[in-house]
Amino acid sequence: MTNAKELFENLVTLGQHPKEDADTVTVMEKIGHFLDDAVAKLYKQIKKEGYTKMEASAIIAERLNVGKILKKASKNFDGGYAMAGLIGHGDAFVLRDPAGIRPAYYYADEEVVVVASERPAIQTVFNVPFEAVKELDPGSAILVKKNGEMNIKQILAPLERKACSFERIYFSRGSDKEIYQERKALGKYLFPQILDSIQGDIRNTVFSYIPNTAETSFFGMVREAQNHMNREKEAQILAIGKDITSAELHEILEVRPRIEKVAIKDAKLRTFITQDSGRDDLVAHVYDVTYGSVKQTDNLVIIDDSIVRGTTLEKSILKILDRLGPKKIVVVSSAPQIRYPDCYGIDMAKLEDFIAFRAALALHKERNTMDVVENIYKKCVAQLASKDADVVNYVTEFYAPFTVDEISHKIGQLLTGPEIIAEVEIVYQTIENLHLACPENLGDWYFTGDYPTPGGNRVVNRAFVNFFEGKNERAY
């Protein structure tokens, strides 16, 4: 929830006394308040009908309308969620946010109702086909009565669908039928940029990936490289014509993308979810390289799912890749530049953590435009007391003076230490190609600042204020 403090104040107005303003506490208290209210009204009605206290409990459980309770409780919720709850007498529910920010899939038969954030988890455990697992619509709730009766009810009016794209790029299982194809498409759409970076010299280029989650996008990238080379081969063969010799044909067909597993990762170590205090020590030991796989005349193209902080690249990957002696290292991100904090479940709360933010800041300093940064700060401060619906994301102005390529180039400079011999270039996915690859998951606020709820704009402005004032604290 982006508005936990507002929900806390609402509860106080209702006469409640929540112990803290954490979103879990406020949400439970809000639902609890309207649950108590519904039970009290039902008891009053049932008592008028002549039932005793003992008899009333079972009747209340039967008549309790959980959907109506959720509708009242969630009226002011602002955030991304797929929340599940179980009421003491046995009714259960799962409620998804109206923009579909967080994923929710379900399967139901005569014995079970199961909900998970990932479709393959359900498919594997219950051994059911892809088609049997449904997606819960945004703003809807699965309501399960104590007796096992299930129905789906629209609780909140659906907003424009902004399902999180970063779930598809990194967090969700690549074994999902749709996500697997999407990740391959992310790699495919990057190939033209890669071709420009290596100046079309595929013969002297080694293609590889950062294990483990980038492997699928790597397949898409390599497939597109193969398609490109096949078109070139076809043109060469047609140019020579029917007089082509067997040796010439063999020489043309022999050329193919050079694929190596250059980086090797300890699968037990995941740096993205490691606490900041332990990241630097950890990343230096996560990867090793396959020696002898790259020549000094080679470009080394290596794809990763995303480049968020850049810590792993700077502290580990670039250093160990440079040991192989390539003339150029091209690090490719299947995701666009991550510029803005998330406040809907994936914990990226501080702007200064992002390498794209640090690169833009460095460009402002180089070009003597820090007055722009100060003006953005003033605008953000002026909005701190505004209602969420009136808040504008002014942090977009921080990036506006620079092109994507300028920021990517500066990122490459920031991540390349003086000990690196090879030329280093960073290539990011474009927003347009992200939308092509993930057409049903257009929640791109990490990259564009286009937040799906009003509370997101307040959070990003607060994050900028914290940065400018030197406060090392979360924005939500």
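Side-chain atoms are counted along with the backbone in the values below, which use heavy atoms only and exclude waters and symmetry mates.
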* Asked: Does a salt bridge link Glu167 with Arg102, judged by any charged N lying under 4.0 Å from a carboxylate O?
  -> yes
* Donor-acceptor pair between Thr448 and Asp444 side chains, under 3.5 angstrom -> yes
* Asked: Do Tyr394 and Tyr377 make the cut of ring centroids closer than 6.0 angstrom?
  -> no
* To do: Take atom CD of Glu20 as the centre, draw a 6.0 Å sphere, and report whether it contains more than 12 heavy atoms from other residues, nucleotides or ligands.
  => yes
* To do: May I ask you to decide whether Lys184 forms a salt bridge with Glu182, counting only side-chain N to carboxylate O separations under 4.0 Å?
  => no
* Tell me, yes or no, whether the heavy-atom count around Arg223 atom CZ, taken from other residues, nucleotides or ligands under 6.0 Å, exceeds 12. => no
* Flag the pair Arg183 and Asp305 as a salt bridge only when some basic side-chain nitrogen lies within less than 4.0 angstrom of an acidic carboxylate oxygen. => no
* **Minimum side-chain heavy-atom gap Pro452-Leu159 below 4.5 Å** => no
* So, for Arg168 and Asn441, which heavy atoms are closest and what is the spacing to 0.1 Å? -> CD-ND2, 3.5 Å
* Could you tell me whether a side-chain N or O of Gln383 sits under 3.5 Å from a main-chain N or O of Val392, the two making a donor and an acceptor? => yes
* Are Glu62 and Lys145 within salt-bridge range, i.e. N to O under 4.0 Å? -> no
With a 3.5 Å cut-off and sequence neighbours excluded, list the donor-acceptor pairs that the side chains of residues 125-134 form with protein atoms.
residue: Lys134; atom: NZ; partner: Glu131; partner atom: O; Å: 2.9

* To do: Tell me, with the steps shown, if Phe219 and Tyr209 meet ring pair (Phe, Tyr, Trp, His ring centres under 6.0 Å).
  => CA-CA 9 Å; Phe219 291 149; Tyr209 62 95; 7.3 Å; no
* Mind running side chain to side chain contact (heavy atoms under 4.5 Å, CB included) on Phe207 and Ile303 for me, showing each step along the way? => CA-CA 8 Å; Phe207 295 91; Ile303 190 169; over 6 Å; no
* So does Asn472 have more than 12 non-hydrogen atoms from other groups sitting under 6.0 Å from CG? -> no
* Asked: Is atom NE2 of His364 surrounded by more than 12 heavy atoms (other residues, nucleotides or ligands) closer than 6.0 Å?
  -> yes
* Verdict with reasoning, Lys319 to Ile420, per side chain to side chain contact (heavy atoms under 4.5 Å, CB included) -> CA-CA 7 Å; Lys319 290 179 181 178; Ile420 303 296; 4.1 Å; yes
* Structure fact -> d(Phe93 CZ, Ile155 CD1) to nearest 0.5 Å is 10.0 Å
* Sub-3.5 Å donor-acceptor pair from the side chain of Asn65 to the main-chain atoms of Lys68, do we have one? -> yes
* **Residue pair Thr396 / Asn393, side-chain donor-acceptor N/O under 3.5 Å** => no
* Asked: Using the benzene-type ring in the case of Trp, are the ring centres of Tyr399 and Tyr340 under 6.0 Å apart?
  -> yes
* To do: Could you grab the distance from atom CD of Glu366 to atom CG of Leu361, nearest 0.5 Å is fine?
  => 10.5 Å
* Any donor-acceptor pair under 3.5 Å from Ser165 side chain to Gly443 backbone -> yes
* **Any side-chain heavy-atom pair of Val331 and Val427 under 4.5 Å** => no
* To do: For Leu7 and Asp23, run side chain to side chain contact (heavy atoms under 4.5 Å, CB included): C-alpha distance rounded to whole Å, both residues' side-chain angles, the deciding distance at 0.1 Å, then the answer.
  => CA-CA 8 Å; Leu7 296 177; Asp23 55 3; 6.0 Å; no
* **Heavy-atom donor-acceptor pair, Ser208 side chain to Val262 backbone, under 3.5 Å** => yes
* **Backbone of Leu143 reached by a side-chain donor or acceptor of Asp91 within 3.5 Å** => no
* 4.5 Å side-chain heavy-atom contact, Tyr106 and Ile152 -> yes
* Asked: Is it the case that Thr453 and Tyr344 place a side-chain donor and acceptor less than 3.5 Å from each other?
  -> yes
* Asked: Considering only heavy atoms from C-beta outward, does the side chain of Ile307 approach that of Ile426 to under 4.5 Å?
  -> yes
* Structure fact -> In short, Asn10 meets Asn76 closest at the heavy-atom pair ND2-ND2, 3.4 Å
* Look at the side chain of Ser316 and the backbone N and O of Leu313, then say whether any donor-acceptor pair between them is shorter than 3.5 Å. => no
* Asked: Which heavy atom in Trp445 sits nearest to a heavy atom in Pro341, and how many Å separate them?
  -> CD1-O, 4.2 Å
* **N/O donor-acceptor pair under 3.5 Å between Thr403 side chain and Glu406 backbone** => yes
* Structure fact -> side-chain contact (heavy atoms from CB on, under 4.5 Å) with Val391: of Asn457, Val460, Val459, only one passes, and it is Asn457
* Asked: Less than 4.5 Å apart, any side-chain heavy atom of Glu6 and any of Asp388?
  -> yes
* Asked: Is there a donor-acceptor contact under 3.5 Å from the side chain of Thr430 to the main chain of Asn433?
  -> yes
Show me the donor-acceptor pairs, under 3.5 Å and distance only, between side chains in residues 81-88 and residues at least two apart or in other chains.
none

* In this structure, are over 12 heavy atoms from other groups packed under 6.0 Å from Lys410 atom NZ? -> yes
* Asked: Is there a salt bridge (charged side-chain N to carboxylate O under 4.0 Å, His left out) between Lys379 and Glu374 once you walk through the steps?
  -> CA-CA 9 Å; Lys379 291 180 180 179; Glu374 186 173 355; over 6 Å; no
* Asked: When you look at Gln413 and His409, which way does the side chain to side chain donor-acceptor pair (under 3.5 Å) test go after all the steps?
  -> CA-CA 6 Å; Gln413 291 179 345; His409 181 69; 3.2 Å; yes
* Nearest heavy-atom neighbours spanning Ala359 and Ile411 -> CB-CG1, 3.5 Å
* Taking every non-hydrogen atom, the tightest pair across Glu314 and Leu414 -> OE2-O, 4.0 Å
* To do: Determine, step by step, whether Val373 and Phe464 satisfy the side chain to side chain contact (heavy atoms under 4.5 Å, CB included) criterion, reporting the C-alpha distance in whole Å, the side-chain angles of both residues, the deciding distance to 0.1 Å, and the verdict.
  => CA-CA 10 Å; Val373 179; Phe464 194 87; 3.7 Å; yes
* Backbone N/O of Ala356 and side chain of Gln337: donor-acceptor pair under 3.5 Å -> no
* Check whether any side-chain N or O of Lys471 sits under 3.5 Å from a backbone N or O of Val465 as a donor-acceptor pair, and report yes or no. => no
* To do: Check Leu156 against Ser74 and note the closest heavy-atom contact, atom names and distance.
  => CD2-OG, 3.5 Å
* Kindly compute the distance separating NZ (Lys30) from CE (Met1), expressed to the nearest 0.5 Å. => 9.5 Å
* To do: Verify the distance criterion only: is there a donor paired with an acceptor across the side chains of Gln429 and Ser333 at less than 3.5 Å?
  => no
* **Short N-O contact, Arg96 and Glu135, less than 4.0 angstrom** => yes
